[in-house]
Amino acid sequence: MSKVVGTSVKRKEDSRLLTGNGRYSDDIVLPGMLHATVVRSTSAHAKIKKIHVEEALNHPNVVAVYTGKDLEGKVGPVPTSWYVPGCNLKEPPQYPLAIDRVRYVGDGVALVIADDRYAVKDAAELIEVEYEELPAVVGQKEAMKEDAPLLHDDIENNIALQWKAGEIPEGVMENAEVVVKESFYVQRVFPSPIEPRAAVAQYNPGSGELTLWCSSQNPHIHRMVLAEVLGISEAKFQVIAPDIGGGFGGKIGVYPDEALVAFASREIGKPVKWIEERSEHYTAANAGRDEIIEVELAGKKDGTLEAIHVKNTANLGAYLSTMGAGVSTIDFGMMITGTYDIPYAACETTGVYTNTTPTDAYRGAGKPESTYQIERIVDLFAREVGMDPVELRKKNFVKKEAFPYQNAQGLLYDSGDYEKPLNKALETLNYEELRKEQERKRKEGKLMGIGFSTYVEMCGFGPSEVVGAVGFQGGTWENSTVRVHPSGKVTVFCGTSPHGQGHDTTFSQVVADKLGIPIEDIEFVFSDTKSVSMGWGTYGSRSTAVGGAAVSFAADRVVEKAKKIAAHELEVAEEDVEFENGTFSVKGVPGKERAFKDIAHSANMAWNLPEGMEPSLEAQYFFKPENFVFPFGTHVAVVEVDKDTGEIDLQRYVCVDDVGTVINPLTAEGQVHGGVAQGVGQALWEGAVYNDNGQLVSGTLMDYTLPKARFFPTIESDFTETPSPVNPLGAKGVGEVGTTASIAAAMNAVVDALSVYGVTDVEMPLTPEKVWKVIQEKEGNQ
Amino acid sequence: MAVEKRNVSVTANGQACSAEVEPRKLLVHYLRDDLGLTGTHVGCDTSQCGACTVMVDGDIVKSCTTLAVQADGSEITTVEGLGTANDLHPMQQSFWEEHGLQCGYCTPGVMIAALGLLKENPNPTEEEIREGLEGVICRCTGYQFIISAIQKAATIIQESGIDLNSQQLVGEGTHNE
């Protein structure tokens, strides 16, 4: 049987998804099930004077109505899960329902439970909340001003955290031959899974057991945090993530709403379902980014980079979300030097509370922002010293001989060869010819631009000691059990929690090669805290590098035991037994063999095992990686900007990613495409907009532009493979690379096109109106 | 507050179905909650995302912004009517082979929308497919493999002579290549 790792196996999960047999949260129907809806604040900042619930309670379908006061003593505040140390972090309590004050449009004020999906919405309309309006503040810079309204009375200047990492010796910036400065705004965007959030809770009043199905990327984290919030034993609390309609970081967070649904089921003793609406999702589910990044890059006239200083002012929203403190500090600040050998770096991050929905991880979480600032400023530096941006990048790349390489912020990049994907991309582009074409077009008055992003990112969370040292409230190791049934069929359990990535398939490929059995003989169990002993979920491009590695190790343990049994049955020493393609054979003795399934049967029957051996064939492995993994690559966008309309025509998109060993080229490429669409989406189309009063004016898909098929050219995607030494698969992580790389590639292309006007930045998203205004202004000045 | 319910009878995927519903009930909830056809999903409530796309009397319809009573007496095709796991419709088969789905949430609506497109234009170019997918949003795939899948399905459908204009898309036994 030939090996399947490295081949484009068709996905195992698809037959149910393609035939309408997926089971998403809203597909769960339980006897006597009630429906929940959350009444949300329509004001960005106000005191709650009174909540009139009587009319709603009189609605014939209504079972219960709860306000924040009703929950006191029954449900605690929902805590953050990332206490970044050394930054004077201030965490205000976030109660599941606001008690006396609302702090953003979307803040929950009441929970309504009824026996009908439509009636519960009717009843919610009957609730009247009397507010005493308070002044609101939306922008992070404004919120830090002396006269800004305070969100939390005891948090001065609304400053949640002040974090620093790295130091630049005195004189380096001051005496540099060239210093390039720019301020970038990486705007607020919505992760926007097409399935909004959802939760179904079922409490058993007899046993005291609680089951929660919820649209989560990390059910074990949900269980850990919500057990505390609800005051229930983890041993009596099962969290299941059923099929999930996309996450992109937006379903990492443990939310008040999930606690509310669980609370209501426990209180009433019946199952309760809550399905979020789209507009509700955009006010109440965590948003991403919203960081103002001021960069200074110092170096020599010959293009040598010497130091980078970055200030990030991050809008955290009204409360501290699950990963809220870590995104703009650890995730962002440790990677600010990117792929370049820059000796000195310093990052200062200020996190600020504002009257907006909290921000949290969104695909890449800090890494796209970090990549964005370095890739944008490197381009501007190249322009300043008169070098081609490719030449400047090559000159400053960490050289392949330097790996493992410690960057200026102390991270150890595992492996890399940054020129390899860049050269491959240049070849695909026919780069020299492309620059000539650009020259020709410029002479014709056309605005063509070529934008590069040669990124590296920190993935595979992660080494437990390190994540612990930076305050993350989780272990981030991973767990897998490989269970071999008497027939030789296999069930594998793993603690990661896929929601579209295709781990059923890719992880099965790993097991199939290890055990020499067909993929069809392998079934995976993820995302159920009762079946999977422990795990940390799917985010940070960690699943294959950490979870896949745990699966690989557990399968090794199964083979190890099976080999002992085979040797015993074949009456030879263990060293004389070979295992290949699912068959145990004796070296040099043809025909003397046992199939894997024979041993599976023997192990489970235990009629004749080696003395002292435990029955069954099952092994578990807990894998704690020693380091993160660092995928890298080159993304290039080619655009033409219409002078008359400001419209951007994305003509080509070329990417070469190095994500270590590729398990399944088809699904890996799918991840890259999706990531690129989201990153380019941020650069060109997407943007959350609040007005000055804190009202979200981009709160539906009529007002918020998600990219459509016609927005893109064919993405020309390719890979190079530089294995990671951190795990036995050599895998690095592919889920986030597309997004991390592409924001800067698209922006650099447009700024390159507009460089004829001396433009160094245009605020994202690059709507035709904004671009047109810039062109008009510059043309007018000429 | 009791509202008089109305009977809505449809032929869903070839089966006669009927339920008493409130006049305000959306078609998507009638399909999901009353008929148990949960393959059709709700993504945005405002008819942008197209996860709820179904075929009503051969036309492509967003079932989240259609009332169930409007569909009374109609023939409806949902994803459940295309093919089964062992006998996939060429559209499903092509989505599988070309990796046209990741989380799978938008997929049923996208496949139905794609069938509507192929009914109008049996042999579309890449650009025509991109334009033709205006009514659906996929957040996972970046669309590229969806487009490959639709191109492949178009070829199979043409070569095997399947008539997309016949109401009956179900169980033709010719689905597999």
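Just so it is clear: chains get the letters A, B, ... in the order the sequence lines come, proteins before strands, and each one is counted from 1. Computed from a predicted model, the values in this text were never measured in an experiment.
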Check your understanding: Would you say A:E277's side chain and B:D45's backbone share a donor-acceptor pair under 3.5 angstrom?
Key -> no
Point to revise | With sequence neighbours excluded, residues passing side-chain hydrogen bond (donor to acceptor under 3.5 Å, both in side chains) with B:R130 | key: B:E126
Exercise for review: Report yes if the side chains of A:I715 and B:Y143 come closer than 4.5 Å at any heavy-atom pair, otherwise no.
Suggested key: no
Practice item. Kindly compute the distance separating CD1 (B:I137) from CG (A:L706), expressed to the nearest 0.5 Å. Key: 5.0 Å
Check your understanding: Looking only at heavy atoms, what is the nearest atom pair of A:Y118 and B:R24, with distance?
Key -> CB-NH2, 3.4 Å
Practice item. Look only at the side chain of A:R710 and the backbone of B:E127, and say whether a donor-acceptor pair between them is shorter than 3.5 Å. Key: no
Practice item. Output all residues satisfying side-chain hydrogen bond (donor to acceptor under 3.5 Å, both in side chains) with A:Q682, sequence neighbours left out; order by chain, then residue number. Key: A:Q187, A:R289
Revision key, fill the gap. Heavy-atom nearest pair, A:L666 first then B:F145, reads O-CE1, 3.7 Å
Exercise for review: Side-chain contact test, heavy atoms from C-beta onward, threshold under 4.5 Å: evaluate it for A:R23 versus B:T38 and give yes or no.
Suggested key: yes
Practice item. Could you go through the side-chain contact (heavy atoms from CB on, under 4.5 Å) check for A:L701 and B:C49 one step at a time? Key: CA-CA 8 Å; A:L701 281 180; B:C49 82; 4.2 Å; yes
Exercise for review: Using a cut-off of under 4.5 Å on heavy-atom pairs, state which of B:I147, B:L133, B:T141 scores highest against chain A.
Suggested key: B:T141
**Study point:** B:R139 backbone acceptor or donor facing A:Q678 side chain under 3.5 Å
**Key:** yes
Practice item. Check whether any side-chain heavy atom of B:V42 lies under 4.5 Å from a side-chain heavy atom of A:D26, and answer yes or no. Key: no
Review point. Out of curiosity, B:S47 OG to A:M702 CE, how far, rounded to the nearest 0.5 Å?
Key: 7.5 Å
Practice item. Considering non-hydrogen atoms only, spot the tightest contact between B:H41 and A:D27 and give its length. Key: NE2-OD2, 4.4 Å
Check your understanding: What residues of residues 29-37 of chain B sit under 4.5 Å from chain A when you count only heavy atoms?
Key -> B:H29, B:R32, B:D33
Study note, to complete from the structure: Closest non-hydrogen atoms of A:A677 and B:G142, given as atom of the first, atom of the second and distance, are CB-CA, 3.7 Å
Practice item. For atom CZ of A:R652, decide whether the heavy atoms of other residues, nucleotides or ligands shown that lie under 6.0 angstrom number more than 12. Key: yes
Study note, to complete from the structure: Ranking A:R117, A:E276, A:H499, A:Q501 by heavy-atom pairs under 4.5 Å to chain B gives rank one to A:R117
Exercise for review: Go through the atoms of B:A85 and report whether side chain, backbone, both or neither lie under 4.5 Å from a heavy atom of chain A.
Suggested key: both
Exercise for review: Go through A:G245, A:S15, A:S8 and name the one with the most non-hydrogen pairs under 4.5 angstrom from chain B.
Suggested key: A:G245
Practice item. Evaluate whether atom CD of B:Q15 has more than 12 neighbouring non-hydrogen atoms of other residues, nucleotides or ligands under 6.0 angstrom away. Key: no
Point to revise | Portion of A:P707 that has a non-hydrogen atom of chain B nearer than 4.5 angstrom | key: both
Review point. If you round to the nearest 0.5 Å, how far is NE2 of B:H99 from CG of A:N664?
Key: 7.5 Å
Check your understanding: Are any side-chain N or O atoms of B:Q102 and backbone N or O atoms of A:G670, one a donor and one an acceptor, separated by less than 3.5 Å?
Key -> yes
Exercise for review: Count the heavy atoms belonging to other residues, nucleotides or ligands that lie under 6.0 Å from CD of B:E120, then report whether that count exceeds 12.
Suggested key: no
Review point. So, the side chain of B:Y105 versus the backbone of A:G500: is there a donor-acceptor pair under 3.5 Å, distance only?
Key: no
Review point. A:D116 and B:E22: which non-hydrogen atoms are nearest, and at how many Å?
Key: OD2-OE2, 4.3 Å
**Study point:** Trace of the side-chain contact (heavy atoms from CB on, under 4.5 Å) decision for A:F712 with B:Q144
**Key:** CA-CA 9 Å; A:F712 298 100; B:Q144 192 148 318; over 6 Å; no
Check your understanding: Counting heavy atoms not belonging to A:E125, are there more than 12 under 6.0 Å from its CD?
Key -> no
Check your understanding: So, the side chain of A:K708 versus the backbone of B:E134: is there a donor-acceptor pair under 3.5 Å, distance only?
Key -> yes
Review point. Would a 4.5 Å heavy-atom cut-off, applied to side chains only, mark B:Q48 and A:T700 as touching?
Key: no
Practice item. Identify which of B:G104, B:G100, B:G39, B:G132 forms the greatest number of heavy-atom pairs closer than 4.5 Å to chain A. Key: B:G104
Practice item. Could you grab the distance from atom CZ of A:F248 to atom SG of B:C103, nearest 0.5 Å is fine? Key: 6.0 Å
Check your understanding: Can you name the ring-ring contact (aromatic ring centres under 6.0 Å, His included) partners of A:H503, sequence neighbours left out?
Key -> A:F507
Revision key, fill the gap. Looking only at A:S717, A:G247, A:S279, A:P191, the option with the highest number of non-hydrogen pairs under 4.5 Å against chain B is A:P191
Point to revise | Selection from A:I275, A:N61, A:T667 maximising heavy-atom pairs under 4.5 Å formed with chain B | key: A:T667
Review point. What residue in A:V672, A:I194, A:V680 has the most heavy-atom pairs under 4.5 Å with chain B?
Key: A:I194
Check your understanding: Counting only heavy atoms not in B:E20, do more than 12 sit closer than 6.0 Å to its CD atom?
Key -> yes
Check your understanding: Quick one: of A:P713, A:G246, A:S192, A:G22, who has the most non-hydrogen atom pairs under 4.5 Å with chain B?
Key -> A:S192
Study note, to complete from the structure: Bottom line for B:T107: the part with an atom under 4.5 Å from chain A's heavy atoms is side chain
Review point. Hey, what do you get for NE2 (B:H89) to OG1 (A:T19), rounding to the nearest 0.5 Å?
Key: 13.5 Å
